[in-house]
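Please read these numbers as outputs of a predicted model, since none were measured by experiment. We count ligands from 1, going down the list as the structure has it; atoms in each ligand are counted the same way. Just so it is clear, the values below take in all heavy atoms, side chains as well, and ignore hydrogens, waters and symmetry mates.
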Amino acid sequence: MCGIVGYLGTQNAYDILIKGLHRLEYRGYDSAGVALVDNNGQLNVYKTKGKVSNLEDYCKDKNINGTVGIAHTRWATHGEPSDKNAHPHYSQSKNIALIHNGIIENYLSLKTFLSSKGYVFKSDTDTEVLVQLIEYMMNEHDLPLYEAVYQALTQVTGAYAIGVIEKNNPNELITARIASPLIIGVGKDEFFLGSDASPIVEYTKDVIYPEDRQVIRIVRGKEIEIRSLDNKSLIKPEVKQIQLSLEDIEKGGFEHFMLKEIFEQPKSLSLCMNGRLQREQKEIILSGIQNYGERFAKARRILISACGTSWHAGLIGKYLFETLCRIPVDVEVASEFRYRNPVIYPDDVLIAISQSGETADTLAAMELAKKQGAFIYGICNVVGSSVARLTDSGTYTHAGPEIGVASTKAFTTQVCILAMTALAVAKQMETISTEDYKRIVTELCNIEEKIETILSKTEEVKEISKIFTYARNFLYLGRGFNYPVAMEGALKLKEISYIHAEGYPAAEMKHGPIALIDEEMPIVVVAPRYQMYNKILSNVVEVKSRKGKILAIVTEGDTDIKRLADYVIEIPQTEECLSPLLTVIPLQLLSYYIAIAKGRDVDQQRNLAKSVTVE
Ligand code: F6R
């Protein structure tokens, strides 16, 4: 959801900024721009609609000199994708340029005020209001840039991470944040800004994570200056080391990040379970549960709130906690939960699930539950993100950076954490027998190997996918633990191939969707062999009688569904409660190869952005 980059140092800023934009392009890619102050005191802004590569073409014959600059890749909120709405935005005099990720909520009243003072707006964005307000503060109150930014931000409500530079001040770069991600890289005589660490990691591992409501002044040759927006007090910068490596953020020989991330799942699950799953002893040790297990044990109810794929993981969480711990669970889409005045008890536990840790609706749901006294447990991938900061306790998924816009390894690691958490709580509450506990934990120990087995069938899935590229609609069916997997499979397909797909509980099909079935309609049935097997077998017969084309995901050695289905992908046997970790893999591959066959841009689908930081 918009990526920002900045640089102040000794090198030519342009190359660093463009490389940074490419790394952040997963956040939004409808337009891009760069601003540089050159050695002659010129502030040049170049911006274009389209991807970062368009910007590079546009800049080919331009003056791209300068050792200080800011750059932006956009996911449009206010104002359609266009050259004029792309960032950076100039102030009226063209003396200041600004980039922004987030949303200025009171932009209309500020715009009215500034218009009355003679400021003319060239874009439809909320962001332009902020750069004009900074110029107004400078002119009206005779303030230097840093003071003007500070004063302007006291007038603004909303969410932001910004970068600001000034024509007459090539030695200064100002930044600030509220509720949007921002990292500052500290090198030798140089500083970097990024929405995440990916534009920075190549140059330095030393970083500062600014807190909300901090305004930061970076001056060439001086110490970084951080002040609180609330009382201007000086805050000592705390330099931390990033764990990320360059390899983590590159495609590593794969054609797309999505494919790389699908194949990374055995490794990401290993990292996720590392130190938590004691393979020898067949034990699960989660510090969050060691310290706060009582809170779960005493919970009147567990609420799970999330969006998109993370919500699907949450739906599996319901099955896990209800089956293993016998605690009632409600799973809520965060955007609905936050606005419907839900009943929340102080003895509820709210589990928030988010890959990015920045999803605005999930954060709002957490804040709401926190206000009403619930205990907030976070499951999140990005270390230090807003979700992580808002929790009372929680567990990182440690999936590594997920760059493909379609979530894959985030989903399996989230389900893995939910399974480990439910097992740990069940053991503490004694709602699971020792025998069942050990058996499921033993299966967790084998899960990476079983995923490898499924991945070795990629060519098989690829062949099947070719058959289905004609389809305009898909139905995905599943039951029990695999009903949310059906929904996840459908989401993956629609978001990357633009084919309409719906995920349904298999028996619910008879209450409507069955009307859609004809010989053209592919039905993906997630049907591993568990207690509901016979029921889903009947559903498959119902589809077959209406001539639907069936692709079934079945347990190795299945013969019954095999006889009925047109195509079959086998997965290894595992415990039912862990089966989503396996059944989802062929569905991820299927959607990937269908999208490839249709010529879609798998990593950067139309209209989507990786983290949804606006509601
Ligand atoms: C789908 C997808 C989205 C995200 C959703 C929540 O592939 O990636 O549906 O799952 O936007 O994002 P996080 O998990 O970052 O809160």
_N-O pairing of Glu336 and Arg340 below 4.0 Å_ = no

*ligand 1-proximal atoms of Glu358, by part, heavy-atom distance under 4.0 Å*: neither

*Check ligand 1 against Ser356 and write out every atom of the ligand that is under 4.0 Å from a heavy-atom position of the residue.*
13 (P), 15 (O), 16 (O)

*asked:* Heavy-atom distances under 4.0 Å decide this one: backbone, side chain, both or neither, for Val405 against ligand 1?
replied: backbone

*asked:* At less than 4.0 angstrom from any non-hydrogen atom of Ser310, what atoms of ligand 1 do you find?
replied: 10 (O), 13 (P), 14 (O)

*Give me the ring orientation class for Phe468 and Phe474: parallel if the planes are under 30° apart, tilted from 30 to 60°, perpendicular past 60°.*
perpendicular

_Could you check whether Phe375 and Tyr292 have their ring centres less than 6.0 Å apart?_
yes

*Do the charged groups of Asp601 and Lys51 touch, with an N to O distance under 4.0 Å?*
yes

*Identify, by atom number and element, the atoms of ligand 1 in contact range of Gln355, meaning under 4.0 Å from any of its heavy atoms.*
13 (P), 14 (O), 15 (O), 16 (O)

_Centroid separation under 6.0 Å, is that true for the rings of Phe254 and Phe263?_
yes

*Counting from 1, what ligand 1 atoms have a heavy atom of Lys492 closer than 4.0 Å?*
1 (C), 7 (O)

*Give the numbers and elements of all ligand 1 atoms closer than 4.0 Å to a heavy atom of Glu495.*
1 (C), 7 (O)

*Is the centre of the Tyr504 ring less than 6.0 Å from the centre of the Tyr483 ring?*
no

_Nitrogen or oxygen atoms of Gln414 and ligand 1 under 3.5 Å apart_ = no

*Number the atoms of ligand 1 from 1 as they appear, then name those within less than 4.0 Å of a heavy atom of Ser354, with their elements.*
13 (P), 14 (O), 15 (O), 16 (O)

_Check: Asn482/Thr583 side-chain N/O donor and acceptor closer than 3.5 Å_ = yes

*asked:* Checking Gln265 against Thr412: is there a side-chain donor and acceptor pair closer than 3.5 Å?
replied: yes

*asked:* Below the 3.5 angstrom mark, is there an N/O of Thr362, backbone or side chain, next to an N/O of ligand 1?
replied: no

_Ala406 neighbourhood, listing ligand 1 atoms whose heavy-atom distance to it stays under 4.0 Å_ = 7 (O)

